[in-house]
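Working notes for the structure below.
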Amino acid sequence: MAENRKRPKVTPPKPPKRKREYSLFNWLNKFLPLDKVFGEKLPGQEERLPVKYFYYFGWVIVLLVAYERIGFQSEEYVRKTIKLKKEVDDLKAEYTSIHAEYERAGKQSVVVEKVQAEGLVENLTPPKKIILKEEDQE
């Protein structure tokens, strides 16, 4: 009788490595003629940039857009800060004028003028001080 043996695994040969495809570049190439600028280096066309640098250029563009956005946001922040400072200065001036009017309204001369309209008159004789001696208190 024959012995049971494990069959050796046969591995299929690996397919040769394909050249890296740039799917983003191929998709954009449908809309824009980017292969003229980012084409592979062919004899007689050495001035073209290779496709492998396309993603680096894309990364640089993303960084530039982010940089511009940050700059715009900081300018907007400065504009808002200046606007709020002006508003605070206006409110401070308004507070100062209202406070001055309030303080002026509490003075005796102003109060006397307001009270005379109601028929009250300011007492011109000074008040008299009443002093009690200790003997009188008992």
Side-chain angles (χ1 to χ4, degrees):
M1 195 166 165
E3 292 181 28
N4 289 335
R5 291 184 185 171
K6 197 174 192 179
R7 288 186 187 173
K9 261 190 173 175
V10 178
T11 56
K14 291 184 181 179
K17 280 191 170 183
R18 290 177 25 204
K19 190 176 180 182
R20 183 174 175 186
E21 289 185 22
Y22 298 93
S23 59
L24 178 63
F25 180 73
N26 292 334
W27 180 78
L28 284 175
N29 197 29
K30 291 178 185 177
F31 306 108
L32 302 170
L34 296 175
D35 58 346
K36 292 181 181 175
V37 177
F38 294 102
E40 291 291 335
K41 289 188 177 182
L42 300 173
Q45 298 177 345
E46 284 81 19
E47 71 276 354
R48 292 186 181 171
L49 297 171
V51 175
K52 64 182 178 181
Y53 296 126
F54 178 73
Y55 289 108
Y56 295 113
F57 288 123
W59 178 244
V60 169
I61 289 171
V62 167
L63 289 177
L64 288 174
V65 168
Y67 179 75
E68 288 297 322
R69 178 67 181 151
I70 290 170
F72 178 75
Q73 284 179 335
S74 64
E75 288 176 8
E76 187 178 356
Y77 174 74
V78 169
R79 277 186 252 125
K80 283 183 180 179
T81 304
I82 291 170
K83 182 179 177 183
L84 289 175
K85 281 184 181 179
K86 286 181 182 179
E87 189 176 338
V88 166
D89 289 342
D90 291 343
L91 290 174
K92 187 175 180 181
E94 185 178 349
Y95 165 77
T96 304
S97 63
I98 290 173
H99 185 70
E101 287 178 20
Y102 176 73
E103 290 294 323
R104 185 178 174 276
K107 289 186 176 182
Q108 181 182 358
S109 59
V110 176
V111 172
V112 167
E113 291 175 5
K114 289 182 181 178
V115 171
Q116 281 179 352
E118 296 180 14
L120 297 175
V121 182
E122 181 181 7
N123 188 7
L124 297 177
T125 58
K128 294 182 180 176
K129 195 173 197 181
I130 300 174
I131 301 174
L132 296 177
K133 294 182 181 174
E134 292 182 22
E135 298 172 3
D136 296 337
Q137 291 179 357
E138 295 177 7

May I have the list of side-chain donor-acceptor pairs in residues 91-99 shorter than 3.5 Å, sequence neighbours left out?
{"unit_1": "Thr96", "atom_1": "OG1", "unit_2": "Lys92", "atom_2": "O", "d": "2.8"}
{"unit_1": "Ser97", "atom_1": "OG", "unit_2": "Ala93", "atom_2": "O", "d": "3.4"}
{"unit_1": "Ser97", "atom_1": "OG", "unit_2": "Glu94", "atom_2": "O", "d": "2.9"}

Mind checking side-chain hydrogen bond (donor to acceptor under 3.5 Å, both in side chains) for Glu122 and listing every partner two or more places apart, or none if nothing turns up?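 By the side-chain hydrogen bond (donor to acceptor under 3.5 Å, both in side chains) rule, Glu122 matches Gln108.
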- Query: Is Glu87 close to Asp90 at the side-chain level, that is, under 4.5 Å between some pair of heavy atoms?
  - Reply: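 No - every pair of side-chain heavy atoms lies 4.5 Å or more apart.
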- Is any side-chain heavy atom of Arg79 closer than 4.5 Å to a side-chain heavy atom of Glu75?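 SC-SC contact between Arg79 and Glu75 confirmed.
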Nearest 0.5 angstrom please: Arg104 CZ to Lys107 NZ, how far?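 Going from the CZ atom of Arg104 to the NZ atom of Lys107 covers 7.5 Å.
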Quiz prompt | Qualifying ring pair (Phe, Tyr, Trp, His ring centres under 6.0 Å) pairs with a residue from residues 73-92, counting only residues at least two apart or across chains | solution =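 Checked against ring pair (Phe, Tyr, Trp, His ring centres under 6.0 Å) - neighbours excluded - no pair reaches residues 73-92.
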